[in-house]
Asker: 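The following block contains the structure, expressed as structure tokens.
As a basis for the values below, the full set of heavy atoms in this structure was taken, side chains included, without hydrogen atoms, waters or symmetry mates.
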Amino acid sequence: MNFKKFIKHIMPLSFLKMIQHLKAHRLLLHEGRSDLNRFYRSCVVSSRSNQVQMESVLIFYIHQIEKGFSFDTYQYGRGRGALSNLASISAKLGSIDTQWRDNALYKDMVLALGEYYRRHVTAGRDVSYLTELFDEATNKDIVASSKNEYPNIQLLLSSKADNATVSFSELTERRHAVRTFSQEPVTRTELEKAIVMSLRTPSVCNRQPARVRIFTDRQLINQALKIQGGFGGYDTPPALLLVTADLRVFMGPNEHNEGYVDGGLFAMSLLYSLEACGLAACPLNTMFIEETDEKTRALLDIPDNEVFIMYIAVGHFRESSKICRSQRFGINHVLVN
């Protein structure tokens, strides 16, 4: 009998389990610290932003301007903070990239700002706060863009009639985040059909950690989205789904992030399933700070052993819906050689 087997033989089982738990806890602390350090070294920090980080922040603020175009009633003057940030970041990118005005992101920015400019000028609104932010060349591009037709952001109900029978590639092209819905209630049967369609989503060793909760009470949805903080300006959706992952299915420190992977896979399957079922949907962020996490758990009775993946606002398509343009990168941006 070797020494390791001898120790196992003479030690009480409870003591050995305690040692195993302590080792697992120590390893989890180490791995968690390593993850946090890697994230901190890479995420956007204003004092050391590189081009990739700045371009990502630029996309964030372009999207804020675009979201304004999707409201039923346009809110003039909205987004001044985003405009200021766009000007600052664009100037920095222009100072480090000699070809910045040829960059696809610059063109996306100018396209959005051109539509912003057009709407305000057409309505007789003052735009001096916009033009004062940007240099002469950028302002010239913004004015030129304002004279062109902005890409269509209208989504028609008639375009969804054959969603259940089109190819998957066609379905992926049709799916958009929709934030406005018809007044028609969404039934639990409709939602369960989409959830059932998502059950074949892969998960680590088939442990299937995804959990889904359905909320249709308007007051409760309003409370949840007020805490979430990212759906302001839109009417309350008829239904709200909450996707979580149950941590009890995982086995060791090496799997401490697996719930987000498996839960994210399930959530994407669910978004496609909702689209196939002819339901409009919009994924909503649930990466909460501790206070927001605790408030949401208390409101919706979410146990500590589950982690939040995302909300999904769901409803029926209106005859016509306004959506964000949300330009996508090409394959060369994603495919790493």
Side-chain angles (χ1 to χ4, degrees), residues 43-46 49-94 97 100-101 103-120 127 129-130 133-134 138 141-142 145-146 148-155 172-181 225 228-235 237 264 267-268 271 275 280-288 309-313 321-330 333-334:
C43 72
V44 174
V45 178
S46 59
S49 294
N50 60 36
Q51 183 166 350
V52 172
Q53 292 169 328
M54 285 191 286
E55 288 183 351
S56 296
V57 177
L58 193 80
I59 293 171
F60 175 82
Y61 288 116
I62 291 172
H63 189 63
Q64 285 197 357
I65 298 300
E66 289 181 335
K67 280 177 69 175
F69 305 149
S70 69
F71 291 127
D72 287 335
T73 302
Y74 186 66
Q75 301 175 12
Y76 294 99
R78 177 187 172 92
R80 294 198 183 199
L83 294 174
S84 178
N85 284 304
L86 284 172
S88 173
I89 297 166
S90 178
K92 290 179 182 178
L93 285 166
D97 182 0
W100 172 232
R101 291 182 68 192
N103 189 304
L105 284 183
Y106 175 83
K107 294 177 181 179
D108 278 348
M109 180 189 75
V110 166
L111 188 64
L113 294 178
E115 177 63 8
Y116 185 98
Y117 181 94
R118 184 193 67 78
R119 291 189 182 212
H120 283 74
V127 291
Y129 64 87
L130 168 64
L133 291 171
F134 294 91
T138 304
D141 290 339
I142 291 171
S145 177
S146 72
N148 299 322
E149 183 178 355
Y150 188 73
N152 190 6
I153 56 172
Q154 293 290 121
L155 192 63
T172 64
E173 289 294 324
R174 291 185 180 190
R175 193 208 65 78
H176 294 276
V178 178
R179 297 171 175 82
T180 54
F181 309 96
L225 291 181
Q228 189 264 350
F231 205 68
Y234 299 98
D235 291 338
M268 191 67 249
L271 285 166
E275 179 73 19
C282 180
L284 302 172
N285 190 343
T286 56
M287 293 295 102
F288 298 144
I309 303 302
M310 69 175 64
Y311 284 126
I312 303 178
S321 302
K322 297 177 182 178
I323 60 172
C324 294
R325 178 172 172 268
S326 299
Q327 182 67 19
R328 296 297 195 266
F329 289 119
H333 180 84
V334 176

Asker: Taking side-chain contact (heavy atoms from CB on, under 4.5 Å) as the test, write out the residues that go with R118, two or more places apart.
Answerer: E115, T122, S146
Asker: For the residue pair M268 and R175, what are the closest heavy atoms and their distance?
Answerer: CE-NE, 3.9 Å
Asker: Please evaluate residues Q51 and L93 with respect to the criterion side chain to side chain contact (heavy atoms under 4.5 Å, CB included), reporting the C-alpha separation (whole Å), side-chain torsions for both, the decisive distance (0.1 Å), and the verdict.
Answerer: CA-CA 7 Å; Q51 183 166 350; L93 285 166; 3.7 Å; yes
Asker: Does one side chain, of Y311 or N285, offer a donor that lies under 3.5 Å from an acceptor on the other?
Answerer: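 Result is no, nothing qualifies.
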Asker: Could you state the interatomic distance from NZ (K67) to CD1 (I62), rounded to the nearest 0.5 Å?
Answerer: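 Answer for the NZ-CD1 pair, K67 versus I62, is 14.5 Å.
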Asker: Would you say Y234 and S70 are linked by a side-chain donor-acceptor pair, where the criterion is simply a distance under 3.5 Å?
Answerer: yes
Asker: Report yes if the distance between the aromatic ring centroids of Y74 and Y76 is under 6.0 Å, otherwise no.
Answerer: yes
Asker: For the atom pair CG (D141) and CE (M109), what is the distance rounded to the nearest 0.5 Å?
Answerer: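 Between D141 CG and M109 CE, I get 8.5 Å after rounding to 0.5 Å.
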Asker: Can you confirm whether C324 sits close enough to H176 that some side-chain heavy atom of one is under 4.5 Å from a side-chain heavy atom of the other?
Answerer: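 With C-beta onward as the side chain, the pair stays apart.
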Asker: Going through the distances and angles, do N103 and E55 end up as a side chain to side chain donor-acceptor pair (under 3.5 Å)?
Answerer: CA-CA 10 Å; N103 189 304; E55 288 183 351; 3.2 Å; yes
Asker: Please check this pair: side chain of R328 against backbone of S326, looking for a donor-acceptor N/O pair closer than 3.5 Å.
Answerer: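 Looks like yes, one N/O pair under 3.5 Å.
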Asker: When rounded to the nearest 0.5 angstrom, what distance separates CG in L155 from CD1 in I323?
Answerer: 5.0 Å
Asker: Please answer whether the main-chain N or O of R78 pairs with a side-chain N or O of Y116 as donor and acceptor at a distance below 3.5 Å.
Answerer: yes
Asker: Got Y61 and Q64 here, is their nearest side-chain heavy-atom distance under 4.5 Å?
Answerer: yes
Asker: Can you confirm whether or not the ring centre of F69 sits under 6.0 Å from the ring centre of Y150?
Answerer: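 Here the rings of Y150 and F69 have centres that are less than 6.0 Å from each other.
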Asker: Please check if the side chain of T286 supplies one atom and the backbone of I309 the other of a donor-acceptor pair under 3.5 Å.
Answerer: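 Such a contact is found between T286 side chain and I309 backbone.
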Asker: Ignoring hydrogens and geometry, is there a side-chain-to-backbone donor-acceptor pair from S56 to V52 under 3.5 Å?
Answerer: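 Judged by distance alone, yes, a pair lies under 3.5 Å.
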Asker: In Å and rounded to the nearest 0.5 Å, what is the OH to CG distance from Y106 to L111?
Answerer: 12.0 Å
Asker: How long is the straight-line distance from CG of N50 back to CE of M54, given to the nearest 0.5 Å?
Answerer: 7.0 Å
Asker: Among L225, T180, V178, which one satisfies side-chain contact (heavy atoms from CB on, under 4.5 Å) with P237?
Answerer: L225
Asker: Show, in sequence, the C-alpha distance, side-chain angles and deciding distance for L105 and F329, and conclude whether the side chain to side chain contact (heavy atoms under 4.5 Å, CB included) test is met.
Answerer: CA-CA 9 Å; L105 284 183; F329 289 119; 4.1 Å; yes
Asker: For Q154, look at atom CD and say whether over 12 heavy atoms of other residues, nucleotides or ligands are found less than 6.0 Å away.
Answerer: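 Correct, the count exceeds 12.
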Asker: Is K322 salt-bridged to D72, cutoff N-O under 4.0 Å?
Answerer: no
Asker: Please report the closest heavy-atom contact between A280 and F181, naming both atoms and the distance.
Answerer: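 Residues A280 and F181, closest heavy atoms: O-CE2, 3.5 Å.
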Asker: Given side chains that start at C-beta, do those of L86 and F134 come closer than 4.5 Å, heavy atoms only?
Answerer: yes
Asker: Quick check: closest heavy atoms across H63 and R179, and the distance to 0.1 Å?
Answerer: NE2-NH2, 3.6 Å
Asker: Between S88 (side chain only) and S84 (backbone N and O only), is there a donor and an acceptor less than 3.5 Å apart?
Answerer: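 Such a contact is absent between S88 side chain and S84 backbone.
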Asker: Sequence neighbours excluded, which residues qualify as side-chain contact (heavy atoms from CB on, under 4.5 Å) partners of D235?
Answerer: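 Per chain and number, D235 pairs via side-chain contact (heavy atoms from CB on, under 4.5 Å) with no residue.
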Asker: Strictly below 4.0 Å, N to O, side chains only: are D108 and R325 in salt-bridge contact?
Answerer: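 Salt bridge between D108 and R325, a charged N being under 4.0 Å from a carboxylate O: yes.
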Asker: Nearest 0.5 angstrom please: T138 OG1 to L133 CG, how far?
Answerer: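 Between atom OG1 of T138 and atom CG of L133 there are 11.0 Å.
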Asker: Can you list the steps and then say if L83 with I65 is a side chain to side chain contact (heavy atoms under 4.5 Å, CB included)?
Answerer: CA-CA 8 Å; L83 294 174; I65 298 300; 3.8 Å; yes
Asker: What are the two closest heavy atoms between P283 and M310, and how far apart are they?
Answerer: CB-SD, 3.7 Å
Asker: Begin with the C-alpha distance, continue with both residues' side-chain angles, and end with the deciding distance and a verdict on side chain to side chain contact (heavy atoms under 4.5 Å, CB included) for S49 and V44.
Answerer: CA-CA 6 Å; S49 294; V44 174; 4.1 Å; yes
